[in-house]
Every structure is written in C-alpha cells, then in structure tokens.
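Worth saying up front: this structure is predicted, and the values here are computed from it rather than measured.
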Amino acid sequence: MSDMSRSSAINRIATLLDDSSFVEIGGYVTARSTDFNLQDQEIPSDGVITGYGTVEGKLAFVYSQDAAVLGGSIGEMHARKIVKLYELAMKTGAPVVGFVDCAGLRLQEATDALHGFGALYASQINASGVIPQITGIFGVCGGGMAVVPTLTDFTFMESSKAKLFVNSPNALEGNSSDKNDTASAQFQSGEAGIVDGIGEEAEIIAKIRELVAILPSNNEETQEADVCTDDLNRYCNGLEAGAADSAYALSEISDHGYFFEVKADYAKEMVTGFIKLNGTLVGGVANRTVVYDENGEKTAEFEPVLTSAGAEKAADFVKFCDAFEIPVLTLSNVKGFKATVCEEKHIARAAAKLTYAFAEATVPKVTVITGAAYGSAGLMMNSGSIGADIVYAWPEASVGMMDPQAAAKIMYAKDIASSGNGAELIREKAAEYAALQASAVSAAKRGYVDDIITAAETRKRVIASFEMLYTKRVDLPLKKHGTV
C-alpha cells in the first residue's frame, strides 16, 4: 500500500476512533497468489487495514480499504483479514465498522477471491443481530461488494465520490449515469433506501462515531441509561401543532431534543430514528404527513397512508431494535394504504412485514395515536391487537374502521339518496358514528386504548410506561424462525 493510500485509509480509522486507541491486526499480511505475476506487485496489507480501538471508550473493530491497491479489489487474504476481524468481534461482543472503497472481486485470484467473498458474506450473516454492523462508503462499492453494506445494519455514503451498484448505470438498458446515476449516493439514499445518510467524509465518520457510541455493543448487553438532566415531567406545550412532522414530534419528546434519524431521505412519510428518554435509547417509528425545514417552512406533504417503502423501512428498523433490546415508541397517524397500481404490486407483502416485525418484537412497545388509526393500516402501526404493551391516544384522535363520513355514506346510502338534504344527514350520521365507533373515547371504553392523554403530557407518560416495562419478559413459541 502506498504511503498516501495508507494515509487515507488510516486517517479514516483515526477520525472514527478515540485518540491513540487504534491497534492494527494483520499489518504484515499480503497476497498469497502468484498467478499473473502478482508476486511482482507491491500489495502490502493486501489493500485493507484492520484492527480495533475505542469509540467513547467502547471497543469497536474497524477495517478500511483503499482503491490505490489493485483498485481496492478483494482477494483471498484481503477477505480473510476482514473475516478474522468479524471472528474477534463476535468473541468479544463489539461492533464492526467497515470503510469501503473497492472495485469488487480481484480477477487475478478468481476462485480464491470468490471464496473470500463467500466467507465474508457468511461472517456478516452470522453476526447479524448479534453485534451492530455499520458501513461507510467513500469510493466504489460495485458488483458483489454491493451486498456487503446491504448485509450491515446501517450504511452511509460520501455524497459526491462514492458509488454503490450491482450493475453500473451504463450497463442498464436505456440508461446512463448522465441520465440517471443509479450508483449515486442520492439515488441509493432517496430511491433505493439502502443508505441511511449521505454527506462529506468528515460528516459521515462523525455520524458513524455517534451511532457506535449510542448503540449497544451486542445483543446481550444490558443498556445503561445516561444521566438525564432534562425534566422527566416536562410538558411538550404546542406539540400537537407540529405533530404532522413526526421527526419534530419525536425530537420534542426526547431528552434535550436528541434525535438520530436513519434513512431520512427515503420514504419520508415514515420516520425512523433513535431518541433518548430518561437517558435510555429508544427507537422511534412514526407516520408523517408534513416535512418542515429548519425555518419552519413546509417542504413536502403526504397523505396519512401506509406505503410499501415506508412499511419496509419501519419493519427493518423495528427488527433491529428488537434484536438489540431497544424499546420502541410508535406515533400512529394513518388512514389506509396508498392506492396506485405500482403500490398494489408490493403493499400487501410490505404491510405483512411491518405487522410481523411489530408483533414479533418482544422489547417494550408503546404507541401514541396522534391522529387517525383507521382499519388494517391502523392495526399495523403497533396497535394493542398485535402486541403493543401500552396504547395512548390524544383527545382528538380517531380510532376505528374508517373515516366517519365515509362510513356514514355507506351505511345510510338509501337514506341519503332519498333525503332532501343529504349533506346535513351525512354530517349528522358521521358525528353519531364518530362518537360510537371512531373516537379515542369509544376505543378506550373497549380497552383498545389504555388512556387518553394530552399532547403536552406525552413525554412524561411514555417515560413512565417504559420505566414500568423495564423488566418485561416474553416467551415466544418454540420455532427455528418465522417465514415472513
């Protein structure tokens, strides 16, 4: 590895880890193959620096590739070094962070390199749900290498130079990078939903460092709450005014406004991210109908419906939280499913995955109905019916089969048709239906809502609920795994 190359790779590691904490492993390893005169080329460290250090005092393992060595390609020994890193991480219960700049498979090593790829995949799969895995992409991540970040829990991309693809944009029929750069960070974060965040290199590493610091190191670690100096009984006055943008609502509920959003550019109608409640890390999942910018200006608006992309985004996040014993808070405001031909191809399966993820999760689960919770879509947003431990509703929330006006039109169609004032009859019957079958009060009377709370007291009530649920234990049916 050239001095400049090694400097680039090691600098990323140094930026991630605490000062002077990095210890390199396998620094003398080089390529073993001699085919195609590889022995005549300088391949120190086989193009990847591996080792361990600390992040905010927490042990973390890291590898960093560089394209200056044979294009950053993965060969037999390159892969073996990363696999060994995973073995050590699994033994010690610590996360793995990978910095990727790789052209893919090393052609000169052919089947040896292929085997290395397979061994790396297997290591990632074995580690999934046991230790957190995070990837930062700073250059090319193509072909089979594109599967590596997708097998990790969180992926970040440098916004201008990084490329992530299985097939390059120019290899797609009727497409080109100038027309639609499917390898770009913008496409992979906003359209594909593979990437959790994009930015400059320093921003990305700072985000990864923050994520490693807040996440549990492994699936058996008991979460230790930070000292919370925010008032546990703090009222969130005016919360209902901004609740349409649930990213804002979650940050208002959280200690000192802390909110680490993931996949912020993808399926913006569904918000996922981490908050702190009484110093404890909690996963937030919420429907969103409005996006506000930093100046409070509305930049986007959505229907209160479930989409296939939003459902899958939320399902993946809930599964991660459940794997690492992170409680889940859900803010529910949904009236149905997005109705388009494209959505109809995917929505049933995506909705099933969301329902499965919430129902299967055994971590403490609290739901607050902030707007509507209609029909099956309302059930899927972590309702009590599929396993929420506590369900709250704001006073003006609607909980029921469907919008009261739509229900009135169906139930009293004949009466409306024969009435001289159909609009007035609809209003009358809709109000009657809302009071009997579609209000927070009617749901609470039937036990589907545990309490009706004001928006302002949301923070203190959910904190109290999670405190109560701290010792929650659940026994699931004995099975190898589910099939959804």
Side-chain angles (χ1 to χ4, degrees), residues 150 180 182 187-196 244-247 250 261-273 283-291 300-322 328-361 365 367-388 391 397-407 409-410 438 448 481-484:
T150 314
N180 182 23
T182 53
F187 181 90
Q188 293 296 335
S189 63
E191 299 294 327
I194 294 173
V195 173
D196 292 278
D245 188 343
S246 49
L250 286 168
E261 187 172 3
V262 295
K263 288 186 169 50
D265 296 332
Y266 182 65
K268 293 183 179 181
E269 71 282 354
M270 183 71 77
V271 174
T272 54
V285 178
N287 305 115
R288 176 164 56 184
T289 56
V290 173
V291 179
E301 196 166 358
F302 311 100
E303 296 178 89
V305 293
L306 274 182
T307 65
S308 55
E312 289 186 350
K313 171 182 172 178
D316 289 343
F317 183 75
V318 171
K319 288 179 72 175
F320 175 84
C321 289
D322 187 49
V328 176
L329 171 66
T330 305
L331 303 184
S332 176
N333 177 24
V334 63
K335 293 184 176 180
F337 303 97
K338 188 172 180 63
T340 67
V341 172
C342 182
E343 280 293 308
E344 201 62 20
K345 298 176 184 177
H346 311 288
I347 189 63
R349 181 170 295 163
K353 288 183 178 180
L354 177 61
T355 308
Y356 190 97
F358 272 127
E360 184 187 42
K365 296 175 289 186
T367 296
V368 180
I369 302 172
T370 62
Y374 288 159
S376 299
L379 291 180
M380 294 166 185
M381 284 301 296
N382 200 25
S383 65
S385 304
I386 63 169
V391 178
S398 297
V399 184
M401 184 65 190
M402 62 174 64
D403 178 77
Q405 282 212 347
K409 289 177 183 179
I410 295 171
Y448 303 131
H481 57 72
T483 60
V484 176

Does [X] reach the side chain of [Y], with side-chain heavy atoms less than 4.5 Å apart?
{"X": "V285", "Y": "M381", "result": "yes"}
{"X": "T330", "Y": "F358", "result": "yes"}
{"X": "F337", "Y": "S308", "result": "no"}
{"X": "N287", "Y": "E269", "result": "no"}
{"X": "V271", "Y": "E261", "result": "yes"}

So, does R288 use its side chain to make a donor-acceptor pair with the main chain of K268 at under 3.5 Å?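 Side chain of R288 to backbone of K268, a donor-acceptor pair under 3.5 Å: yes, one is there.
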Please check: side-chain N/O of K365 versus main-chain N/O of A361, any donor-acceptor pairing under 3.5 Å?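 Yes: the side chain of K365 pairs with the backbone of A361.
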Closest contact, heavy atoms only, [X] versus [Y]:
{"X": "G336", "Y": "A377", "value": "O-CB, 3.5 Å"}
{"X": "A350", "Y": "A311", "value": "O-CB, 3.6 Å"}
{"X": "C321", "Y": "G283", "value": "SG-CA, 3.9 Å"}
{"X": "A372", "Y": "K335", "value": "CB-CG, 3.7 Å"}

Pairing residues for E191 by the side chain to side chain contact (heavy atoms under 4.5 Å, CB included) criterion, not counting sequence neighbours: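 Once residues adjacent in sequence are excluded, the partners of E191 under the side chain to side chain contact (heavy atoms under 4.5 Å, CB included) criterion are F187.
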For the pair V291 and F302, evaluate side chain to side chain contact (heavy atoms under 4.5 Å, CB included) and give the outcome as yes or no after the intermediate values. CA-CA 9 Å; V291 179; F302 311 100; 3.6 Å; yes
As an exercise, state the distance from [atom1] of [X] to [atom2] of [Y], rounded to the nearest 0.5 Å.
{"X": "M380", "Y": "T355", "atom1": "CE", "atom2": "OG1", "value": "4.0 Å"}
{"X": "K353", "Y": "E360", "atom1": "NZ", "atom2": "CD", "value": "13.0 Å"}
{"X": "F317", "Y": "L354", "atom1": "CZ", "atom2": "CG", "value": "13.0 Å"}
{"X": "K263", "Y": "I194", "atom1": "NZ", "atom2": "CD1", "value": "8.5 Å"}
{"X": "S385", "Y": "Y448", "atom1": "OG", "atom2": "OH", "value": "7.0 Å"}

Could you please spell out the steps behind the side chain to side chain donor-acceptor pair (under 3.5 Å) verdict for N382 and T367? CA-CA 6 Å; N382 200 25; T367 296; 3.0 Å; yes
Using a 6.0 Å cut-off, check whether atom CZ of F320 has over 12 heavy atoms from anything other than its own residue.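 More than 12 within 6.0 Å, yes.
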Mind running side chain to side chain donor-acceptor pair (under 3.5 Å) on T289 and E301 for me, showing each step along the way? CA-CA 5 Å; T289 56; E301 196 166 358; over 6 Å; no
Worked check of side chain to side chain contact (heavy atoms under 4.5 Å, CB included) between S383 and I386: CA-CA 6 Å; S383 65; I386 63 169; 3.9 Å; yes
When you look at M401 and Y374, which way does the side chain to side chain contact (heavy atoms under 4.5 Å, CB included) test go after all the steps? CA-CA 5 Å; M401 184 65 190; Y374 288 159; over 6 Å; no
Side chain to side chain contact (heavy atoms under 4.5 Å, CB included) for L331 and L250? Distances and angles first, verdict last. CA-CA 8 Å; L331 303 184; L250 286 168; 3.8 Å; yes
The single option from E343, K338, M270 passing side-chain contact (heavy atoms from CB on, under 4.5 Å) against L306: M270
